[in-house]
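See structure below.
In what follows, chains carry the letters A, B, and so on, assigned in the order in which the sequence lines appear, proteins first and then strands, with residues in each chain numbered from 1.
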Amino acid sequence: MDAGQTGHVFIALASHPDGALLSPLDDAGEPAGEATVLARAALPAEVSRREFTSDRSSKDAADRPRWVWDDTTTWYPPLLAAGVRVERCVDLRLSHAILRNSELTAQTPLARAVRNGWDEPTPEDQAQPRDGSRGVDEGLFDLEPEPGSERTSALPDPVAEFRLQREAVAASDDPARIGLLLAAESAGALVAAEMQFAGLPWRAELHDRLLTELLGPRPKPGERPAKLAAVLERVRDALDAPELNPDSPVELMKTLQRAGLMITSTRSWDIKKLRHPVVEPLLEYKKLARLLSANGWHWLDANVRDGRFRPDYVVGGVVTGRWASKGGGGALQLPKQIRGAVVADPGFKLVVADASQLEPRILAALSGDAAMAEAGRAKDMYAAIVARGAVKTRDHAKVAMLGAMYGATTGESGRLMPALAKAYPRAIGLVENAARAGERGEVVTTRLGRSSPRPGANWRELQAAAYGESSTDADASRARGQARSWGRFTRNFVVQGTAAEWALCWMATLRGALRELGGSAWLTDAPHLVFFLHDELVVHSPAAMTDAVVAAIGSSAIEAGRLLFGSTPVEFPLSIAVVDSYADAK
DNA sequence: TCGTGTCGCGCC
DNA sequence: AAAGGGCGCGACACGA
């Protein structure tokens, strides 16, 4: 992957009454050839032609096109469905969101412009009744949309926007970093579309078997499965409450209190601390009930088709730059209990890789703390922290590092902080500074230039009021609490956000390597990404090619570290497993 | 009966 | 071993 700074051919795609308008552009977004109009139906063939007439074997990639479009989620799926992949793109909507907020581009015309269509969420996110029905009052002022024009008016001219974006990058405090971030984000958008197209291999019959083992056979609608019902009876007996419905927190809390238990919540973690015969069956009930409602037969029916689970990934859906998912899938929360349903196709393997202790390593590299970076060279960073003598045990090292990144102040984690700060002053100083900035309402920024949002109007009013003459102690206390809370957010933002950048670079680099490995084979016949979970990814690969895939995953991780940090002593080790079933990884 | 808010819990 | 960050979702609670 590269930052797209120089030498590339850009081709903007825009909706047009007759189909699509193709506009060749140069680095600055100025016309670099004649614009042409194509019928939509002719677009895949033309995109394919432009991709393949590029000289793939050349080391100089200057003539490979970079497709410039408003939104990857609207342009790319139809191309994939037509059997056409693209190598690179510029996703203007995602790029705009980054440039609009980044401290690195704050002084540019793009960032200073009034909010416009590019600041709106992607069209799919806008309210649309799920079942297609409309309320009676809706539509009174609706005009009949012209055929094919639904999206045309959604976003302004992509060529003008692209020009503004190139200008903003060039004028930024660090064009290489922000350029890399935009390239990585756009590559992520391509991966997300390709992963949804390919789908995660999912064996419904194995899922059903897992559910049956844990819950009992699939019950009639409205009934509890047998094993869940049995556990429920044990809960009711233990509390002498034959009608109890533990799914109701209110009811459960009252019943527990009636049984003499001092409790103010019904969370498993709180219930675990009680000593009462109900604890064991109740925790068991909660676990099984959760499985049934979140990933039971209903989930299976709704989300798995033709042996594939195809989640909706939302690139940049989290303010820190992590991905989110939407729809009933819950793709980023797949419980370990059901991962046994994810099984490679015949002749294929799953290559599952995750970055070990990613966030503490990111902090070490980001801060340039030589002592922590030294620990960050080790395969087990926490053990290395113990070896330095900062803390006594590996568990302490882990809890202390988590506390440093999340902002723990109390408990064991809080008590360990002074020792950690003494051993690693620069690293801890970095997160402390980020926290103080947040408490003052200021913005913090990741390694590549993604900036945190500013706190909302309520927060600012609360802070201002705390300093007013009529403020009470309660006002001041509440304001302090809110300020610290925002500080914990900005503290975590720099680490989580930079880790997300590392993961994006890792995945984008790997995507390119897998494409090389696949040669002329179509996406799903060659090794291809099928899942991504913050610091973990899964490649579905022909069994004969897994050695090469493992090597590519490793070299991509090294490249990601180099892209973000240049030369750093910190290493980013992976644990990689080649398996048939996802449940067998780790 | 509906939409919205809260809780609890899955993942990192 | 702690209760600190980020999410999405289902179920329940509640008010219109």
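A:T445 places no side-chain N or O within 3.5 Å of a backbone atom of A:G449 that could act as its donor or acceptor partner.
With values rounded to the nearest 0.5 angstrom, A:T498 atom OG1 is found 13.0 Å from A:W502 atom CH2.
Distance NZ (A:K326) to P (C:dG10): 15 Å, rounded to an integer number of Å. Following rounding to the nearest Å, A:R322 (CZ) and C:dG5 (C1') show an atom-to-atom distance of 8 Å. Atoms CG (A:L232) and P (C:dA11) sit 16 Å apart, rounded to a whole Å. With rounding to whole Å, A:L292 atom CG is found 11 Å from C:dG10 atom C1'. One can place NE2 of A:H534 at 10 Å from P of C:dC7, the figure rounded to the nearest angstrom. The CG-P distance, from A:D312 to C:dC7, rounds to 18 Å in whole Å. The CG atom of A:L363 sits 17 Å away from the P atom of C:dG5 (whole-angstrom rounding). For A:R290 and C:dG10, the CZ to P distance is 9 Å, given to the nearest whole Å.
Distances were taken from every side-chain heavy atom of A:V250 (C-beta onward) to each of C:dC7, C:dA13, C:dG8; the shortest belongs to C:dA13. Of the candidates C:dA1, C:dC12, C:dG6, the closest approach to any side-chain atom of A:N245 belongs to C:dC12. If you check C:dC12, C:dG5, C:dC7 against the side chain of A:Y406, the one that comes closest is C:dG5.
Between A:W299 and A:W202, the ring-plane angle classifies as tilted under the 30° and 60° cut-offs. Between A:F532 and A:W323, the ring planes are perpendicular. Angles over 60° get that label, and only those under 30° would be called parallel. Relative ring orientation between A:F531 and A:Y313 is described as tilted, the plane-to-plane angle lying within the 30° to 60° band.
Within 4.0 Å (heavy atoms only), A:R488 reaches sugar-phosphate atoms of the nucleic acid but no base atom. Here A:R267 lies in heavy-atom contact (under 4.0 Å) with sugar-phosphate atoms only. Heavy atoms of A:T409 sit nowhere under 4.0 angstrom from any nucleic acid atom. Note on A:R394: nothing from the nucleic acid sits closer than 4.0 angstrom, heavy atoms only. At the heavy-atom level, A:V495 lies nowhere under 4.0 Å from the strands shown. Contacts of A:L334 with the nucleic acid, taken as non-hydrogen atoms under 4.0 Å apart, involve only primed sugar atoms and P, OP1 or OP2. When heavy atoms are screened at a 4.0 angstrom cut-off, A:D535 is found touching the sugar-phosphate backbone but no base atom.
Within 6.0 Å of CZ on A:R454 lie no more than 12 heavy atoms contributed by other residues, nucleotides or ligands.
Between A:E233 and A:R236 there is a salt bridge, with a side-chain nitrogen of the basic residue lying less than 4.0 Å from a carboxylate oxygen of the acidic one. Looking at A:E432 and A:R436, a side-chain N of the basic residue comes within less than 4.0 Å of a carboxylate O on the acidic one, giving a salt bridge.
Heavy-atom contacts of chain A under 4.0 Å fall on DNA chain B between two terminal nucleotides, which in 5' to 3' order are B:dG8 to B:dC12.
Of the two residues near DNA chain C, A:T393 and A:M405, the one whose nearest nucleotide lies more 5' is A:T393.
Contact annotation: A:S248 reaches the phosphate of C:dA13 (side-chain N/O to OP1 or OP2, under 4.0 Å).
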